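If you're wondering where the values come from, they're calculated on a predicted model, not measured in any experiment. Every chain is numbered from 1, with letters handed out A, B, ... down the list of sequences.
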Amino acid sequence: MQQYDPFKIEPKWQEVWRDLHIDSVTEPDVGSVVETDSSGSAKTTNNKPFYYTLEMFPYPSGDVHMGHVRNYTIGDVVSRYKRMQGYNVLHPIGWDSFGMPAENAAIKQNSTPATWTYANIDKQRESLKRLGFSYDWNRTVITSDANYYHWGQWIFIKLWQRGLVERKSSPVNWCPTCQTVLANEQVIDGGCWRCHTAVERKELEQWFFKITEYAQELLDDLDKLDGWPERVKQMQANWIGRSTGAEIAFTLCDDNGEPTNETITVFTTRPDTLFGCTFFLLAPEHPLVEGFVSGTEYAAEVDRVVKLASSASAVERSKGEREKNGAFTGRYVINPINGDKVPIWISDYVMMDYGTGAVMAVPSGDQRDFEFARKYGLAIPPVVVSKDDALFEELKNVQERKLNDVTWAEAYDGSGIMVQSGEFTGMQGGKDSPGAQAVIDKLSTSKQGQATVNFRLRDWLISRQRYWGNPIPAIYCKHCGIVPVPESDLPVVLPMDVDVTKGETLASRPDFYEVKCPVCGADARRETDTMDTFTCSSWYYLRYTDPHNKSLPFAPEKVNAWMPVDQYIGGIEHAILHLLYSRFFTKALRDVGLLNFDEPFTNLLTQGMVKLHGEVMSKSKGNVIAPEDIIKSYGVDALRVYILFMAPPDKDLDWSQEGLEGIFRFINRIWRSVYDLTGETVVDGEGTQLSVYDLKIDNAEAKKRGEELNREYHRVIGKVTADIDRFNFNTSISAIMELLNTVSAYIKIPVSMRDDQLAERVAQALVLLLAPMAPHICEELWSEALGMEGSVHLQNWPEFDPAQAIAGQVELAVQVNGKIKARVTVSSEASEAEVQSAALESVHEFIGDTQAKKVVVVPKKLVNIVV
RNA sequence: GCCCGAGUGGCGGAAUGGCAGACGCGGAGGUCUCAAAAACCUUUAUCCUCUGGAUGUGUGGGUUCAACUCCCACCUCGGGCACCA
């Protein structure tokens, strides 16, 4: 037999698989889902449980890169492995094809976004096929196809009808480079997530999805996601940012300092510190500020601070130590707990879009308020002190305010005892403390306060002033207001002839936006904004379950049968954006009545990046290793196995050419060894025989090697199975290498002295175990070397007997006081007493006749003798 | 500041509390060859007074018969959030 040649066998089998439709999922007969197994998975009448593997679909910007190869190889291994284990596996692929890069590329190439996008999709599709991924190509979803975005518009309208869509004016993030607004999640370090330009804040009327209505559930359900990495859940929890506390209403005084009927409400997490509130703060852009100061002596200074705040970019405001600027407005509010009249200031450290835009300042308990008070000479009375604090003894029973200032260098925001706090003095204060609760209770009797929860999460801004996206199906009518496009008129088709090279958008196209009102028939204007591309990627995994449906985005019975996704695989960069939005979509569509589960992805694997010399590969750095070039030299199987072998999947991987050659050698050895096990000899290009027999081997030695091989056979099947279950692909490949090393010793035995049945069994196991990772060579060996019928990928995963993985004789380490002093070989069935006496015997020279205090026996591993 | 992760040979990395360094890369030596490549075999944590012994998983403590693994404190690196009241 000739040596391994990937370039002959890889195209050959890819063609065979395509013609056999080997990768298409058996469409579940959803009407006849008969039972659910113990894990809750649905089963079809053929009794195969469903398994849905999904990898994050690519954005078609150029050809596939190493990150894709890694992502999709992991998914492919899981899919093939699960299929061999008897699951009905859904493993689809598609393209997330709307978005800015297509517009930029079109401008650069004097073309259209569609031309560029679809050319890249074709290129990527070919590459994915060349990589041998087992996708069900009949289920491809492309988000820029009208038969997909149609249903995105339909879902938009369903959410609108349910009150989850809102058009409102609010301060939003504007990217001056991309010429569009951005969602909060798309602002990274104060810059645009795509082009890094510093974003500007603008007050604009835009479309929002009310994701905040699900803030609590999105947070709570993170606890259900046992199959998600802790770090992703933590990031989402941080982003949602739940704070418990209270809303407290302060009565506003008029310009003569007399109480009015109006109140201003603040949010605080520390109602227990209310007695220490000595001033009150409004955000510079707070709507009340202008009315307070206009025409007064305070107007000039307030105006100066407002201008100072608005000129600071988001980047500056979010970096480093900030000098706190403020100005007195001339007005006062009444502290509801003690009737104190406290001055209203404005300050740039108060954010209009968190809480109520107003803050009760407690300088002794909050570092920012403390700094502000020091700068402007405001009082800092202590109200919660630690028992260890020097002030504790002095103030512990003091109810009225005696001490108006502290000598502390900084505020104390920990828990402690309430002092100078009237009837609450002596109570435990702190976040969510009894004292805090008592203050809330007291205020709530007079309706001046109530317990409440605040979230950091903002509503999702989904409108974009860009052409290459899904048109928002809304119409503005002078008489009827904003009305949805009727379902029967969907999809609102994105015209293909908008010339982005001339800066055109939908807003430059009267033939697009001039429409009749669907309600009253009057002349009306169609919305020309498109949806954020993340709306498209928030439900594509649902469409895969029913991709050709012409009357619904998906049939509920199909989506409910397949979903949730059993295993989702993708990059950590989507920890917040895509994964949070998808969770929101799932919950919202559940409430619309389209599906019956709460979370879209049961298990999540966030794969690490592929780097070169510790740096991210990028075109601009010129350090890209193209998968195509690797495939040309080593073939697809070597690339796949290499990328799995070099690091655990969730860790970053540093590319090394030497490592790859090692894997290529391994695959060549598999080839030779499988043929050798069948008794056939592999020859190299010059016809030299590559098998070397060791003629010194006698029958006893052959028997010994056979026993060893049988043991490794059982042990390695067990190990590979367990490792793939845990996604430890690197160690599962190591285990196959170990089996191969044992095989190498076995095939030194001249053919006439071998156990043919054992050899055949081992050869089959090698091929079956490696098949999910190196599908082409294994298919070739299965049919050509082993002469088996049918595809290796449709075989059952090999079984093993744990009992046979154990040697008859085992070597134990013998420790004395935890240090290894000797080794003994005992029968694996030896009793503990036998093991003990053998162990004691072996260390006699070290311990003499000293009595052992204690002997610990770990079966088949070691013995520890304590003297 | 708050919250997560991670620190193991020359390198990538293995180890349910039970023989640290599996497996691979790289290195050294050898077989085959006129020679080389390929292949195969042996060897490869560090140190020492070297048929043996000591040390060793970021640092310092602790729990345990036994700790890379568990606990406490700290250091370094990576990531998320952050004038969030």
Checklist line | 5′-ward residue of the pair G818(A)/D654(A) relative to RNA chain B | finding: D654(A)
Note to self: Say we look at rU51(B) and rC71(B): how far apart would their C1' atoms be, to the nearest angstrom?
What the structure shows: 43 Å
Check: Touch check for P229(A), heavy atoms < 4.0 angstrom, all strands: base, sugar-phosphate only, or nothing?
Finding: nothing
Notebook entry, point to check: rA85(B) P sits how many Å from E371(A) CD, rounded?
Noted result: 16 Å
Checklist line | Short side-chain N/O contact from T269(A) to OP1 or OP2 of rC84(B), under 4.0 Å | finding: no
Notebook entry, point to check: Only one of W655(A), Y634(A), F666(A), F729(A) forms a ring pair (Phe, Tyr, Trp, His ring centres under 6.0 Å) with Y642(A), so which one is it?
Noted result: W655(A)
Next item on the list: Name the closest nucleotide to the E658(A) side chain, picking from rG26(B), rC84(B), rC81(B).
Entry: rG26(B)
Margin query: From CD1 of I667(A) over to P of rA39(B), roughly how many Å is that when rounded to an integer?
Written below: 14 Å
Next item on the list: Determine whether the side chains of T212(A) and D459(A) contain a donor N or O and an acceptor N or O closer than 3.5 Å.
Entry: yes
Notebook entry, point to check: What's the closest nucleotide to the S243(A) side chain, out of rA85(B), rG12(B), rC40(B)?
Noted result: rA85(B)
Notebook entry, point to check: If the P atom of rG7(B) is compared with that of rC70(B), how far apart are they to the nearest Å?
Noted result: 11 Å
Margin query: Any base atoms under 4.0 Å from E811(A), or only sugar-phosphate, or nothing? Heavy atoms, all strands.
Written below: base
Next item on the list: Take the angle between the ring planes of W345(A) and Y376(A) and call it parallel below 30°, perpendicular above 60°, tilted in between.
Entry: tilted
Margin query: Tell me the interatomic distance from E661(A), atom CD, to rA38(B), atom C1', rounded to whole angstroms.
Written below: 12 Å
Margin query: Can a side-chain donor-acceptor contact be found between N454(A) and R242(A) if the only test is distance below 3.5 angstrom?
Written below: no
Check: Within the pair N864(A) and rC19(B), is there a side-chain N or O less than 4.0 Å away from OP1 or OP2?
Finding: no
Next item on the list: Could you verify whether a donor N or O on one side chain and an acceptor N or O on the other, from Y581(A) and E185(A), lie under 3.5 Å apart?
Entry: yes
Notebook entry, point to check: For the base of rC81(B), is there a side-chain donor-acceptor partner from R456(A) under 3.5 Å away?
Noted result: no
Check: For rU51(B), which nucleotide is its Watson-Crick or G-U wobble mate, given both distances must be under 3.5 Å?
Finding: none
Notebook entry, point to check: Touch check for G662(A), heavy atoms < 4.0 angstrom, all strands: base, sugar-phosphate only, or nothing?
Noted result: sugar-phosphate
Next item on the list: State whether R715(A) and E738(A) are salt-bridged, where the test is any N-O pair (Lys NZ or Arg NE/NH1/NH2 against Asp/Glu carboxylate O) under 4.0 Å.
Entry: yes
Item checked: Between C1' of rC25(B) and CZ of F664(A), the distance in whole Å -> 16 Å
Item checked: Pairing of E708(A) and R711(A) as salt bridge, 4.0 angstrom limit -> yes
Note to self: Would you say E661(A) and Q657(A) are linked by a side-chain donor-acceptor pair, where the criterion is simply a distance under 3.5 Å?
What the structure shows: no
Margin query: Between rG52(B) and rA14(B), how many Å separate the two P atoms, rounded to a whole number?
Written below: 33 Å
Notebook entry, point to check: Would you call D650(A) and R231(A) a salt bridge, using N to O less than 4.0 angstrom?
Noted result: no
Notebook entry, point to check: With a non-hydrogen cut-off below 4.0 angstrom, is N741(A) in contact with a base, only sugar-phosphate, or nothing?
Noted result: sugar-phosphate
Notebook entry, point to check: If the P atom of rG56(B) is compared with that of rU46(B), how far apart are they to the nearest Å?
Noted result: 16 Å
Next item on the list: Would you indicate what K748(A) reaches in the nucleic acid, counting non-hydrogen atoms under 4.0 angstrom: base, sugar-phosphate, or nothing?
Entry: sugar-phosphate
Notebook entry, point to check: In terms of side-chain heavy atoms of R665(A), which of rC19(B), rA85(B), rA39(B) is nearest?
Noted result: rA39(B)
Notebook entry, point to check: Quick one: does K324(A) reach the base of rC83(B) with a side-chain donor-acceptor pair under 3.5 Å?
Noted result: yes
Next item on the list: Describe the nucleic acid contact of K819(A) in one word from base, sugar-phosphate, nothing, applying a heavy-atom distance below 4.0 Å.
Entry: sugar-phosphate
Next item on the list: Identify, between G355(A) and R823(A), the residue whose nearest nucleotide on RNA chain B lies closer to the 5' end.
Entry: R823(A)
Notebook entry, point to check: Is rG13(B) in the syn or the anti form, by the rule that syn lies within 90° of 0?
Noted result: anti
Next item on the list: Give the rounded distance in Å between these two atoms: CD1 of I344(A) and P of rA85(B).
Entry: 22 Å
Check: Hey, is the side chain of R242(A) poking within less than 4.0 Å of OP1 or OP2 on rC81(B), counting only N and O atoms?
Finding: no
Item checked: Base paired to rA15(B) (Watson-Crick or G-U; both N/O distances under 3.5 angstrom) -> none
Margin query: Measuring to OP1 and OP2 of rC84(B), would you say a side-chain N or O of R458(A) lies under 4.0 angstrom away?
Written below: no
Margin query: Mind checking if D369(A) touches a base, just sugar-phosphate, or nothing, with heavy atoms under 4.0 Å?
Written below: nothing
Margin query: Distance criterion of 3.5 Å, no angle test: do you see the side chain of N238(A) paired donor-to-acceptor with the base of rC81(B)?
Written below: no
Note to self: Rounding to an integer number of Å, can you tell me how far L862(A) CG sits from rC19(B) P?
What the structure shows: 6 Å
Check: For rA22(B), which nucleotide is its Watson-Crick or G-U wobble mate, given both distances must be under 3.5 Å?
Finding: none
Notebook entry, point to check: Between K719(A) and rA14(B), is there a side-chain N or O to OP1/OP2 distance below 4.0 Å?
Noted result: no
Margin query: Checking contacts here: which listed nucleotide (rA85(B), rC41(B), rC4(B)) is nearest the side-chain heavy atoms of V350(A)?
Written below: rA85(B)
Note to self: With a 3.5 Å limit on both atom pairs, tell me what rU31(B) is paired to, counting Watson-Crick and G-U wobble, or say none.
What the structure shows: rA39(B)
Margin query: OP1 or OP2 of rC65(B) versus the side-chain N and O atoms of K854(A): is any pair under 4.0 Å?
Written below: yes
Next item on the list: If rG78(B) has a Watson-Crick or G-U wobble mate with both distances under 3.5 Å, name it; if not, just say none.
Entry: rC4(B)
Checklist line | Atom C1', compared across rG12(B) and rA22(B): separation rounded to whole Å | finding: 13 Å
Next item on the list: In whole angstrom, give the distance that lies between atom CG of D366(A) and atom C1' of rC83(B).
Entry: 9 Å
Item checked: Separation of rG13(B) P from I733(A) CD1 (nearest whole Å) -> 14 Å
Next item on the list: Among the candidates rC81(B), rG24(B), rA22(B), find the nucleotide nearest to the side-chain atoms of I576(A).
Entry: rC81(B)
Check: Can you tell me how far P in rU43(B) sits from the matching atom in rA36(B), rounded to whole Å?
Finding: 24 Å
Check: Looking at the rings of F279(A) and F372(A), which for Trp means the six-membered one, are their centres under 6.0 Å apart?
Finding: yes
Next item on the list: Could you please name the option among rG18(B), rA22(B), rG12(B) that lies closest to any side-chain atom of F645(A)?
Entry: rG12(B)
Checklist line | rC70(B) - base-pair partner by Watson-Crick or wobble geometry, distances under 3.5 Å | finding: rG62(B)
Checklist line | Paired nucleotide for rC83(B) [Watson-Crick or G-U wobble; both distances under 3.5 Å] | finding: none
Next item on the list: Ignoring backbone atoms, test whether R368(A) places a side-chain nitrogen or oxygen under 4.0 Å from the OP1 or OP2 oxygen of rG1(B).
Entry: no
Next item on the list: Among rA54(B), rA39(B), rC83(B), find the nucleotide with the atom closest to the side chain of K821(A).
Entry: rA54(B)
